[in-house]
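For the numbers below, each heavy atom of this structure counts, side chains included, while hydrogens, waters and symmetry mates do not.
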Amino acid sequence: MSELSIARLRSLFMSDQVPKTIFLKLRALHVLDLEEAGIEELPNSIGKLKHLRYLNISNTRIKALPKSIGKLYNLQTLRMQGTYLVKLPQEMKNLINLRHVYFDEEIEIPAGILGQLSNLRTLRPYFSVGKEMGPGIGELGGLKQLKGQLIIKNLEHVKSEDEAKKAKLEEKRNVCGLKFKWTRDGNNEEGSESSTSSSINEEHVLEGLRPNTNLQRLQIKGFRGARFPSWVMCLNNLKKIKLSDCPNCEGVPALGQLPNLKHVEINEMENLKRVGADGLDSFPLVEHMSITVCPSLESVRITQGIASLRELIIGDCNGLSSLLIGPDCCTSIQKLKIWGCPNLTSLPTTQGGIASLELEIAECDRLSSLPSGLLLRCTSLKLQDCPNLTSIFPITQQMPSSLRQLSIARCTGLSSLPLSGLLSLEQLDISGCSCLAPSISVPSGVLRRLIVLNCEELTSISMTASSLLLLELCICNCNNLQSIVPADLQGFPCLRELIIGDCGKLKYLPTGFHCLTRLKKLFIGGFWEELHSFPEFQLPPHSQLERLTLRGWPKLKSLPQQIQHLTCLNTLWIVEFSGVEALPEWLGNLTSLENLCIRSCENLKNLPTLQAMQRLTKLKMLDVTGCPLLKENCTKDTGPEWPKIAHIPHINIRYY
């Protein structure tokens, strides 16, 4: 490039080293992007770029900015994120045309810089109030052009309401989002005189931070006052509010009077006893309501219609004992999620005109039943860690025919589960229900996924004779399971994943494995330990199986021979075949094998012959754990089995 061309260059993007003299030749430059460039400093000659509008030094190793940065009077955008910068130079205050600045959270900004940048529109990530040497809240006063989101943190350093008013937030018409954040050091004890004084002062400070009425999003975090400011009720354009970590507030304002409010989040309010003056009835237009970590909240009630509410989330409210929703309220609710409410004893009995509902209940220790009126609207039901829940669908109740997804985990008091009326069920997951007995019968007409895990008392699982849609079947760790019905898998031709394992009383496998032409993943084994041979399972001649896990038991002396024809297999796990001393010669037929993992085969000494192992040309990884004899024989260079595996790129052999 000629000298004349360089002199006329308007934009330069560099990711390599930057010559110190280059800026002397780029007098017309408007855009300089050095992101990820291998530089540790900016040369002083940067100040010669009088026409520069955009400078990006993000993700570099620059530790300090030269004082000449203050000569870039036309600079409008400065990006310096992901650098080694510790402190900005005072000369930054001369960048009077700067509109957008982006920096790291750890960087120190001396007092007197930001207040001079009167054209600033974007300040990311936040404005941090200094304790002594840093910027005071008053520096925001002159930034009348700010727009978008503004975060103000370390508000504990603001001493009075009059000082807070110097920020002149009410004049910032273009700021649509505000976050006020107090940071705690844990020095003040609750109930102390200093804490009380601080709480009152924070109320005054927050009152002085009155924003413009155009504000659309508001977050208040770490506030220790007992009352929220009066100006909240004047924010007629507010769409979203989040109140978090405000432990001294017993209530929230009547936010429902705000005509555009749609999203409310309340979190970590230790003394909150009520939400709104009249329960949730004071939020007529809200679409999303979330109340979490409020241990003093005793009840939530909705007795008037909230037609707009789509999602209600309540979590970690230890004192909550009742959730009251009137029969004709919340007719548009689509998701109700409740967790961590150990004293909750009941849910609403009916849900009027709700068309469909996703219901999630977890860690509600005292909840013993679910009302039929609520269940009838469910399309998805997830229950977890509710130990006193004894029944879900009593025989006397109508079944929710529209239910598509049912997930039950660790509901240890559940003893029966009638499912026959769930004609739309597509996914069923049951795990850790130790009292569920003696059998479950699954309507599998449209079922795509069935998982049953860790159900100790279950003796039988039955499905309808065929399910053309079933893709995944997993039955595992059911120690008393004796039968799986139907006894023939030919009615499940679409199965992609099949797991039948760790069922210590199971003697027989279903037949029909030869029909599973689409099976990609198979885990099988861990059956009745008195069996001397692996139950028969014959996959189709041209099986597409890619992953296979075999789990054995002590009396087995060999692997099931039928797997030798699985030429598409790329991953094989052999687990707990403690009676096997040598792997068979036919293992060399698995020519697509890439990963071979062997676990807890205590008496295994030998791999197949050298010729058989060398036929496994695609084998990339051998992983052996808990096989002490094989480990000894595979010692590098000296072990008799080492020549068989020396060609494998990745070998990992360990005791445990």
Side-chain angles (χ1 to χ4, degrees), residues 404-405 424-429 441-453 461-476 478 481 483-503 506-527 531 533-552 558-575 584 586-597 615-620:
R404 296 194 298 270
Q405 181 179 1
S424 301
L425 197 62
E426 298 176 1
Q427 179 174 324
L428 175 61
D429 291 24
S441 179
V442 183
S444 56
V446 296
L447 201 65
R448 287 172 168 78
R449 166 186 166 113
L450 172 60
I451 296 180
V452 183
L453 304 173
I461 297 175
S462 62
M463 300 170 284
T464 51
S466 65
S467 178
L468 300 178
L469 301 177
L470 191 64
L471 301 175
E472 182 179 351
L473 174 60
C474 173
I475 302 171
C476 198
C478 298
L481 187 69
S483 65
I484 300 173
V485 180
D488 193 334
L489 294 175
Q490 64 179 343
F492 308 109
C494 293
L495 266 181
R496 304 279 181 88
E497 182 173 338
L498 175 60
I499 298 175
I500 304 177
D502 297 319
C503 299
L506 192 64
K507 301 179 182 180
Y508 307 101
L509 284 174
T511 59
F513 274 79
H514 65 281
C515 297
L516 305 181
T517 56
R518 300 185 184 183
L519 197 64
K520 297 289 185 179
K521 180 178 179 180
L522 176 62
F523 179 114
I524 193 165
F527 303 136
L531 293 174
S533 62
F534 214 95
E536 181 69 21
F537 67 100
Q538 188 65 52
L539 291 166
H542 302 289
S543 172
Q544 300 300 307
L545 193 70
E546 297 175 355
R547 295 177 59 88
L548 172 63
T549 299
L550 295 171
R551 185 182 292 276
S558 63
L559 301 182
Q561 294 189 17
Q562 54 265 41
I563 71 171
Q564 63 181 298
H565 306 296
L566 302 177
T567 55
C568 292
L569 199 66
N570 61 49
T571 299
L572 173 62
W573 285 70
I574 301 171
V575 182
W586 50 254
L587 198 70
N589 297 340
L590 306 180
T591 53
S592 296
L593 199 63
E594 298 178 7
N595 305 291
L596 176 58
C597 303
R615 292 205 305 271
L616 302 178
T617 56
K618 295 184 179 180
L619 191 61
K620 299 176 182 178

Check your understanding: Under the side chain to side chain contact (heavy atoms under 4.5 Å, CB included) test, which residues partner Asn595, sequence neighbours left out?
Key -> Thr571, Met621

**Study point:** Side chain proximity check, Lys520 to Gln544, heavy atoms < 4.5 angstrom
**Key:** yes

**Study point:** More than 12 heavy atoms of other groups within 6.0 Å of Arg518 CZ
**Key:** no

Check your understanding: Just by modelled atom types, is the Thr591 backbone N or O under 3.5 Å from a matching donor or acceptor in the Thr617 side chain?
Key -> no

Check your understanding: Is any side-chain heavy atom of Ile500 closer than 4.5 Å to a side-chain heavy atom of Pro510?
Key -> yes

Point to revise | Side chain proximity check, Arg547 to Asn570, heavy atoms < 4.5 angstrom | key: yes

Check your understanding: Who passes side chain to side chain contact (heavy atoms under 4.5 Å, CB included) against Leu469, sequence neighbours left out?
Key -> Val446, Arg448

Review point. Within a radius of less than 6.0 Å around CD of Gln562, do more than 12 heavy atoms belonging to other residues, nucleotides or ligands occur?
Key: yes

**Study point:** Qualifying residues under salt bridge (charged side-chain N to carboxylate O under 4.0 Å, His left out), relative to Arg449, sequence neighbours excluded
**Key:** Asp429, Glu472

Check your understanding: Can you tell me if Ser592 uses its side chain to pair, donor with acceptor, with the backbone of Thr567 under 3.5 Å?
Key -> yes

Check your understanding: Any idea which heavy atoms bring Phe513 and Leu522 closest together, and the distance?
Key -> CE2-CD1, 4.3 Å

Review point. Residues two or more places apart in sequence or in another chain: which of them pass salt bridge (charged side-chain N to carboxylate O under 4.0 Å, His left out) with Lys618?
Key: none

Review point. Would a 4.5 Å heavy-atom cut-off, applied to side chains only, mark Leu545 and Ile563 as touching?
Key: no

Point to revise | Residue pair Ile524 / Leu550, side-chain heavy-atom distance below 4.5 Å | key: yes

Review point. Between Leu590 and Leu619, is any pair of side-chain heavy atoms under 4.5 Å apart?
Key: no

Revision key, fill the gap. Hits for side chain to side chain contact (heavy atoms under 4.5 Å, CB included) against Ser462, two or more places apart or cross-chain, chain-then-number order -> Ser441, Val485

Practice item. Apply salt bridge (charged side-chain N to carboxylate O under 4.0 Å, His left out) to Glu536 and list each qualifying residue two or more places apart in sequence or on a separate chain. Key: none

